[in-house]
Asker: 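First the structure, which I've put down as structure tokens, then a few questions once you've had a look.
The analysis underlying the following values was restricted to heavy atoms, covering all of them including side chains, and did not include hydrogens, waters or symmetry mates.
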Amino acid sequence: MKSKNWNEIKNMSDVELRAELGELQDRIFRLRFRHSTSPVKNPLEIRKIRRNIARVKTLINWKKSLNKINNGKEQ
């Protein structure tokens, strides 16, 4: 499965980001479990998924702080 590029992830809504985060966490769990029992063909995929999780979490926090700033200015 090809990973999504930055622009696709950046344009997702909060709900879509949280769904993507859950999917990525599920994939890394399964991959790590499989890797502990027998070697995985491409162990670099674990790194790629871990970094994508970090990107998604960063965007979620960035959007959350942006909303907090915008809501503070309106009051």
Side-chain angles (χ1 to χ4, degrees):
M1 174 189 280
K2 186 181 178 204
S3 64
K4 297 178 181 176
N5 65 21
W6 177 247
N7 288 327
E8 291 176 359
I9 293 173
K10 197 166 78 169
N11 293 328
M12 288 181 164
S13 69
D14 286 341
V15 175
E16 291 173 327
L17 283 172
R18 292 189 190 284
E20 181 74 18
L21 179 62
E23 182 181 311
L24 288 170
Q25 287 176 334
D26 186 47
R27 280 181 52 203
I28 200 165
F29 173 77
R30 287 191 220 170
L31 197 58
R32 283 181 176 162
F33 187 76
R34 210 174 340 147
H35 186 64
S36 67
T37 57
S38 64
V40 180
K41 289 182 182 178
N42 187 6
L44 293 178
E45 188 175 353
I46 294 172
R47 181 191 306 168
K48 192 167 58 171
I49 294 172
R50 193 178 72 230
R51 289 182 180 174
N52 283 336
I53 288 172
R55 286 183 185 104
V56 170
K57 282 184 174 182
T58 300
L59 271 175
I60 289 171
N61 288 330
W62 181 72
K63 287 186 176 192
K64 190 186 305 182
S65 67
L66 190 63
N67 285 337
K68 190 182 287 186
I69 291 170
N70 287 339
N71 289 337
K73 286 183 180 179
E74 291 176 5
Q75 293 178 351

Asker: Got a second to check how far Asn71's CG is from Leu66's CG, nearest 0.5 Å?
Answerer: 9.5 Å
Asker: Can you measure from NZ (Lys48) to CD1 (Ile28) and round to the nearest 0.5 angstrom?
Answerer: 12.0 Å
Asker: Among all residues two or more places apart in sequence or in another chain, which pass the side-chain contact (heavy atoms from CB on, under 4.5 Å) test with Ser38?
Answerer: none
Asker: Enter the distance from Ile9:CD1 to Glu16:CD here, rounded to the nearest 0.5 Å.
Answerer: 11.5 Å
Asker: With Arg34, which residues qualify under side-chain contact (heavy atoms from CB on, under 4.5 Å), at least two apart?
Answerer: Leu31
Asker: Is the shortest distance from a Lys or Arg side-chain nitrogen in Arg18 or Asp14 to a carboxylate oxygen in the other one below 4.0 Å?
Answerer: no
Asker: Please report the interatomic distance CD(Glu20) to CD(Gln25), rounded to the nearest 0.5 Å.
Answerer: 11.0 Å
Asker: Cut-off 3.5 Å, no hydrogens considered: what does the side-chain donor-acceptor table look like for residues 53-64, sequence neighbours left out?
Answerer:
unit_1	atom_1	unit_2	atom_2	d
Arg55	NH1	Asn52	OD1	2.9
Thr58	OG1	Ala54	O	2.7
Asn61	ND2	Lys57	O	3.4
Lys63	NZ	Met12	O	2.4

Asker: Check whether Phe33 and Ile49 end up in the same hydrophobic cluster, where Ile, Leu, Val, Met, Phe, Trp and Tyr are linked by side-chain heavy atoms less than 4.5 Å apart.
Answerer: no
Asker: Grouping I, L, V, M, F, W and Y whenever their side-chain heavy atoms are under 4.5 Å apart, do Trp6 and Leu21 come out in a common cluster?
Answerer: yes
Asker: Do Asn11 side-chain atoms and Asn7 backbone N/O form a donor-acceptor pair below 3.5 Å?
Answerer: yes
